[in-house]
Amino acid sequence: MNYWLMKSEPSEFSIDDLKNNPNKIEPWDGVRNYQARNMMRDDMKKGDLVFFYHSNCEIPGIVGIMTIHKEGYPDPTAFDPNDNHYDPKSDPDKPRWILVDVKYKRKLKRTISLTELKEQKSLENMKLLQRGNRLSVMPITKKEWDYILSLE
DNA sequence: GCCAACGTTGGC
DNA sequence: GCCAACGTTGGC
């Protein structure tokens, strides 16, 4: 079992949007970063647990939990010229971008804000908190996962 | 293969 | 809206 954190701007797609999806499942499309892609392609397994993180908003932080519902497959938005994330260099025969489907599990009782995470001595090595980190998909250790949940 | 220019992320 | 940090692109 692996643990992850995935970021989304709530103005684009929020935890409530996921919750309100008819089947509570969402293809996590639009990721255009190779490191993030590699993790979705190679390391994410069905059933893995994921923190949903709201970025670029009033209170950035962890807002909920989801699971990996479907393992890596080609991101269809890369092939769609009308999509914001269209990438003409992604050939359907040799797709460049990979996504996973995630499924809503639950919202946290409260938002665990970035500010609060930064205050935790035991989380100082967390990837999310490293200087200049911009990855929208990142691994979390079990220790970090459990500790963060204990803050809830 | 270097590196300057550019675009994006995301906190503030 | 600003801007630091970073990834990508492309000329050479």
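Proteins get letters first, then strands, A, B, ... in listed order; numbering begins at 1 in each. Because the structure is a prediction, the values reported are computed rather than measured.
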| request: Give one of base, sugar-phosphate or nothing for R131(A), where a contact means two heavy atoms less than 4.0 Å apart. | output: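 Answer is sugar-phosphate: R131(A) comes under 4.0 Å of backbone atoms only.
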| said: Heavy-atom count check: over 12 atoms from other residues, nucleotides or ligands less than 6.0 Å from K24(A) NZ? | reply: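 Yes, enclosed.
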| Reading 5' to 3' through nucleotides 3-8 of chain B, protein heavy-atom contacts under 4.0 Å coded B for base, S for sugar-phosphate only, - for none | ----BB
| task | With N2(A) as reference, evaluate D48(A), T141(A), L49(A) under the side-chain contact (heavy atoms from CB on, under 4.5 Å) test and give the passing residue. | result |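 The passing option is D48(A).
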| said: Please confirm whether the shortest side-chain N or O distance from Y53(A) to OP1 or OP2 of dT9(B) is below 4.0 Å. | reply: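 No.
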| said: If you compare every side-chain N and O of K7(A) against the phosphate oxygens of dG10(B) (OP1, OP2), does one of them come in below 4.0 Å? | reply: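 So the side-chain polar atoms of K7(A) do come within 4.0 Å of the phosphate oxygens OP1 or OP2 of dG10(B), strictly under.
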| query | Okay, side chain of S8(A), backbone of F13(A): is any donor-acceptor separation there less than 3.5 Å? | reply |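 Indeed, once roles are kept as given, a pair shorter than 3.5 Å links the two residues.
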Take atom [atom1] of [X] and atom [atom2] of [N], then tell me their distance rounded to the nearest Å.
| X | N | atom1 | atom2 | result |
| --- | --- | --- | --- | --- |
| Q130(A) | dT9(B) | CD | C1' | 17 Å |
| N133(A) | dG10(B) | CG | P | 8 Å |
| E9(A) | dC12(B) | CD | P | 15 Å |
| N56(A) | dC2(C) | CG | C1' | 12 Å |
| N84(A) | dT9(B) | CG | P | 11 Å |
| L114(A) | dG10(B) | CG | P | 11 Å |
| D87(A) | dT9(C) | CG | C1' | 13 Å |
| H54(A) | dG11(B) | NE2 | P | 12 Å |

| said: Parallel, tilted or perpendicular: which one describes the rings of F51(A) and W145(A), with boundaries at 30° and 60°? | reply: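 Correct class here is parallel.
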| task | Decide whether S14(A) and D16(A) meet the rule of one side-chain donor and one side-chain acceptor closer than 3.5 Å. | result |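 No donor-acceptor contact under 3.5 Å links the two side chains.
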| task | Could you verify whether a donor N or O on one side chain and an acceptor N or O on the other, from Y34(A) and R96(A), lie under 3.5 Å apart? | result |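 Present: a donor and an acceptor within the cut-off.
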| Contact summary for I140(A) and M126(A), nearest pair of heavy atoms |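 Heavy-atom minimum between the residues: CD1-CE, 3.5 Å.
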